[in-house]
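Since the structure comes first, as structure tokens, the remarks are kept for the end.
Here, residue 1 is the first one in the sequence, and each next residue gets the next number. All of these numbers come straight from a predicted model, not from anything done at the bench.
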Amino acid sequence: MKIYEARINAEPDPYSAGTLIAQRQAARDRINTLKKEIRELRGETEETLTEEEQKAQELNELDTGYERAKNQILMAYVAAVMAEDLDTQASLKAQLKELDAEYDAQRKG
């Protein structure tokens, strides 16, 4: 939304959507790591997941993050369409394309 607001005001983008998405995913990954460390320090046993279950869980987390980011871009796009802001529309299309490419690469990995 801050990118959209900046563009409405003819200001430079305050940050890259792709970078923000990557930073948010890194923060989620760090939170998960810390939660695991806390469980280990408490002596709690984590239910052992099979490799297939673990992969399914990771893919679910990836999908959830992607859907959140995509929905934010789409909401901003609708606002840009309503404001007839063609520059922002083009930029949001590019951001969505970048998000899709990142998601596809992570999904394949």
**salt bridge (charged side-chain N to carboxylate O under 4.0 Å, His left out): pairs with one or both residues in residues 76-86, sequence neighbours excluded** = none
With sequence neighbours left out, what residues match [X] under side-chain contact (heavy atoms from CB on, under 4.5 Å)?
X	answer
Pro14	Lys2, Ile3, Ala6
Ile38	Arg42
Glu61	Asn32, Gln57

**Prompt:** Which pairs count as ring-ring contact (aromatic ring centres under 6.0 Å, His included) when at least one residue sits in residues 69-94, sequence neighbours excluded?
**Reply:** none
**Request:** Name all pairs fulfilling the ring-ring contact (aromatic ring centres under 6.0 Å, His included) condition that reach into residues 6-37, sequence neighbours left out, sorted by first residue then second.
**Result:** none
**Joint hydrophobic cluster, Leu92 plus Met75, side-chain heavy atoms closer than 4.5 Å** = no
**Item:** Verify same cluster id: Leu20, Leu96 (apolar side-chain graph, 4.5 Å)
**Value:** no
**Prompt:** Under the 4.5 Å side-chain heavy-atom rule for ILVMFWY, direct or indirect, which residues accompany Ile31?
**Reply:** none
**Prompt:** Using links of under 4.5 Å between side-chain heavy atoms of ILVMFWY residues, direct or through other members, which residues join Met82 in one cluster?
**Reply:** Val78
**Message:** Going by side-chain hydrogen bond (donor to acceptor under 3.5 Å, both in side chains), name the residues that satisfy it together with Gln89, two or more places apart in sequence or in a different chain.
**Reply:** none
**Under the side-chain hydrogen bond (donor to acceptor under 3.5 Å, both in side chains) test, residues paired with Arg24 that sit two or more places apart** = none
Please report, to 0.1 Å, the donor-acceptor pairs under 3.5 Å made by any side chain of residues 64-74, with sequence neighbours excluded.
unit_1 : atom_1 : unit_2 : atom_2 : d
Thr64  : OG1    : Asn60  : O      : 2.9
Tyr66  : OH     : Asp100 : OD1    : 2.5
Asn71  : ND2    : Glu67  : O      : 3.2

**Request:** State the CG-CG distance between Leu34 and Leu41, to the nearest 0.5 angstrom.
**Result:** 10.5 Å
Which donor-acceptor pairs under 3.5 Å do the side chains of residues 102-109 make with protein atoms, sequence neighbours left out?
unit_1 : atom_1 : unit_2 : atom_2 : d
Tyr103 : OH     : Asp63  : OD1    : 2.5
Tyr103 : OH     : Arg107 : NE     : 3.3

